[in-house]
Number of protein chains: 2
Amino acid sequence: MTQEPRYRRIAEELRKAIIEHAYGPGGRLPSEGTLAEQYAVSRGTIRQALMLLRHDGLVTSRRGTRRVVLDDAPVQDFAQMQSFARWARSIGEVPGGLVIRQGWYPADAEEQRSLRIGDDARVLRVLRLRRLSGRPAMLERTSYPEAVGAIVEPLRTDTVSVTEFLERGGVYVADAEHTIDLVRADAEDAEHLECEVADPLLRERRRTTDPAGVPLEWSEDRYLPGSIAFVVHNSLASTPLTRQHMMPGAGSDFGSGSGSGSGSGSES
Amino acid sequence: MTQEPRYRRIAEELRKAIIEHAYGPGGRLPSEGTLAEQYAVSRGTIRQALMLLRHDGLVTSRRGTRRVVLDDAPVQDFAQMQSFARWARSIGEVPGGLVIRQGWYPADAEEQRSLRIGDDARVLRVLRLRRLSGRPAMLERTSYPEAVGAIVEPLRTDTVSVTEFLERGGVYVADAEHTIDLVRADAEDAEHLECEVADPLLRERRRTTDPAGVPLEWSEDRYLPGSIAFVVHNSLASTPLTRQHMMPGAGSDFGSGSGSGSGSGSES
DNA sequence: CAGTGGTCTAGACCACCGG
DNA sequence: CGGTGGTCTAGACCACTGG
């Protein structure tokens with residue numbers, strides 16, 4: 001039962017206390033030494049716990065002063081960020097998923113690079129519409145490498161959560177990289193998202209890998225504006241956020257929806 | 001001279017080795033024990049170094065196996081993300097800044113909340129146009145609390161980097177929270193960014209705090225599309241990325257540029 | 001100045017992965 | 001099974017903050 005490491009459980013207790021405003025905001029946490037005594041663990045363990053809160057932007061840390069509680073950050077866990085369905089449920093919406101088209105194709109250059117596969121490899125391309133309580137919210141073009149595709153392919157087309165299915169099969173996501181920018185809807189986007197061609201959409205391109213570093217999927221998701229925002233926290237301690245320059249004309253493809261990446265099924 | 005802690009210097013050496021493809025990608029790092037010997041430090045110090053690379057998404061880590069090198073991540077340091085000018089230089093562009101309007105105003109509700117100040121506090125609102133090598137790239141509406149505003153106010157209107165100026169004054173940013181979504185240009189946006197009213201823009205709302213947790217600025221930046229993307233890395237180890245739901249009608253303000261937040265100078 | 005967090009050590013035990 | 005990383009301990013010294 002008690003398989004969660006000590007420092008994680010301590011971090012959870014502290015997080016809860018903070019969210020319930022036991023200290024702040026602006027309040028000071030007990031010192032590491034005091035906490036170590038209270039929890040009857042060594043200072044190192046306490047530091048590990050506090051590190052978690054630090055990375056989530058819940059507390060500061062400076063030599064010389066006690067840690068200060070920051071405002072509540074909109075903290076989600078990794079699992080929730082990784083799965084559209086889980087996220088939807090957490091905000092009280094009913095997630096819907098529907099596969100519009102899927103099939104095996106030879107990997108194009110972008111897929112070969114992103115999924116780290118050879119130029120003779122096949123990928124499963126899936127075009128999927130995501131709904132929030134019935135309303136179209138996002139159109140997802142995903143490419144899976146052979147091994148993962150074989151698991152995903154036989155799924156019912158209305159499977160709500162692919163991520164959760166993969167987890168039951170022992171496939172876990174450990175890392176993800178997201179690129180967020182703006183594109184305009186192509187004909188396919190407009191049809192399924194029920195908007196006009198050339199309407200602006202929020203685009204998230206995503207590459208996920210398993211704990212061994214093996215790429216699991218490469219996806220381009222296009223969100224209708226007004227329903228979603230991305231929130232990022234960064235700090236001196238850890239900075240996963242980056243601006244990226246785009247060569248004029250490249251990157252932000254207007255119109256040609258299948259673009260360079262995982263266009264899904266426009267072929268045939 | 002040797003003031004950088006040991007583990008950071010080790011991390012830098014390893015990062016360099018990785019970027020120069022001394023191991024991978026896909027290659028395996030030496031074990032922690034081996035590295036500890038090589039650098040003549042304890043295993044704990046090596047683990048601290050590796051933790052940095054882990055959070056940057058450069059290597060994996062799993063019990064039982066050696067760490068695996070992932071693809072090169074687009075790693076920037078915090079300072080670069082924090083400063084438009086520094087970022088611009090790093091991609092070989094010439095940053096430009098021009099204050100269009102600034103002035104002191106009573107803090108509105110949003111500013112009071114974001115900057116954690118009372119309802120009788122004043123803020124300095126600055127409307128600033130940012131250029132990349134001459135071309136308009138971003139329009140920035142920033143609100144500073146009294147203390148910071150007093151430092152920023154006397155600056156020349158063409159000051160390229162406010163961040164760098166503040167650092168010279170001993171003001172350092174330690175934490176930031178970013179919310180990214182899509183809006184349409186209002187009249188003010190269109191005028192200065194040289195686009196049409198209602199053109200889509202990428203919006204980044206940002207709140208930064210100093211090492212003690214005191215809010216330093218609250219800003220709403222609007223980028224012309226096609227010139228920038230945001231890249232986020234997240235992992236089981238640390239997940240600062242979040243989707244956020246928006247109430248229909250709220251959040252994504254169309255038109256009223258000064259929105260709920262730090263509208264700058266539309267008043268008068 | 002006393003108290004705090006940042007760094008570092010040297011050791012221990014365990015869970016897990018691969019051969 | 002041996003080797004690996006994950007967890008945890010008990011101590012030490014230092015840099016910095018604040019009164």
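Protein chains get the first letters and strands the later ones, always in sequence-line order, with residue 1 at the start of each. Bear in mind that the values here come from a model prediction, so they are computed numbers and not experimental data.
At whole-Å resolution of the value, CD in A:Q48 and C1' in D:dG5 are 13 Å apart. Straight-line distance from the CG atom of A:L52 to the P atom of D:dG6: 14 Å, rounded to whole Å. Separating the CZ atom of A:R6 from the P atom of C:dA12 is a distance of 23 Å, rounded to the nearest angstrom. Atom P of nucleotide C:dG3 and atom CG of A:L35 are separated by 17 Å, given to the nearest angstrom. Straight-line distance from the CE atom of A:M51 to the C1' atom of D:dG6: 15 Å, rounded to whole Å. Rounded to whole angstrom, the span from the CG atom of B:L50 across to the P atom of C:dT7 amounts to 15 Å. The separation between B:E37 atom CD and C:dG11 atom P is 13 Å, rounded to whole Å. When the P atom of D:dT7 is taken as reference, atom CD of B:E32 falls 11 Å away, rounded to whole Å.
Side chain of B:R67 to backbone of B:R62: no donor-acceptor contact under 3.5 angstrom is found.
Comparing A:T45 and A:T65, the nucleotide of DNA chain D nearest to each residue sits closer to the 5' end for A:T45. Both B:R28 and B:A40 lie close to DNA chain C; mapped to their nearest nucleotides by heavy-atom distance, the more 5′-ward contact belongs to B:A40. Mapping A:I46 and B:R47 onto DNA chain D by nearest heavy atom places B:R47 at the nucleotide closer to the 5' end.
Taking only side-chain nitrogens and oxygens, A:R63 never comes nearer than 4.0 Å to OP1 or OP2 of D:dT17. In terms of phosphate contacts, B:R62 brings no side-chain nitrogen or oxygen within less than 4.0 Å of OP1 or OP2 of C:dA15. Of the side-chain N and O atoms in A:R67, one or more sit less than 4.0 angstrom from OP1 or OP2 of C:dG6. Residue A:S61 has a polar side-chain atom (N or O) positioned under 4.0 Å from OP1 or OP2 of C:dG6. Dashed line: the shortest gap from a side-chain N or O of B:Y7 to OP1 or OP2 of C:dT7 is under 4.0 Å.
Electrostatic pairing of B:D221 and B:R128 does not count as a salt bridge here, judged by no charged N lying under 4.0 Å from a carboxylate O. Ion pairing between a basic and an acidic side chain is recognised when a charged N comes within 4.0 Å of a carboxylate O; A:E146 and A:R122 show such pairing. Using a cut-off of 4.0 Å between Lys/Arg side-chain N and Asp/Glu carboxylate O, A:E167 and A:R86 are scored as salt-bridged. Ion pairing between a basic and an acidic side chain is recognised when a charged N comes within 4.0 Å of a carboxylate O; A:E4 and A:R9 show no such pairing. Using a 4.0 Å cut-off between charged nitrogen and carboxylate oxygen, A:R89 and A:E164 count as a salt-bridge pair. At a threshold of 4.0 Å, the pair B:E110-B:R113 counts as salt-bridged, since one of the basic side-chain nitrogens sits closer than that to a carboxylate oxygen.
Residue B:S42 places its side chain closer to C:dT9 than to any other of C:dT9, C:dG5, D:dT4.
Residue B:E37 places its CD atom among 12 or fewer non-hydrogen atoms of other residues, nucleotides or ligands, all under 6.0 Å distant.
Between the side chain of B:R43 and the base of D:dG6 there is at least one donor-acceptor pair of N/O atoms closer than 3.5 Å.
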>> Only Watson-Crick and G-U wobble pairs with both distances less than 3.5 Å should count. Give DNA chain D in dot-bracket notation, marking inter-strand partners with |.
In response: |.||||||||||||||||.
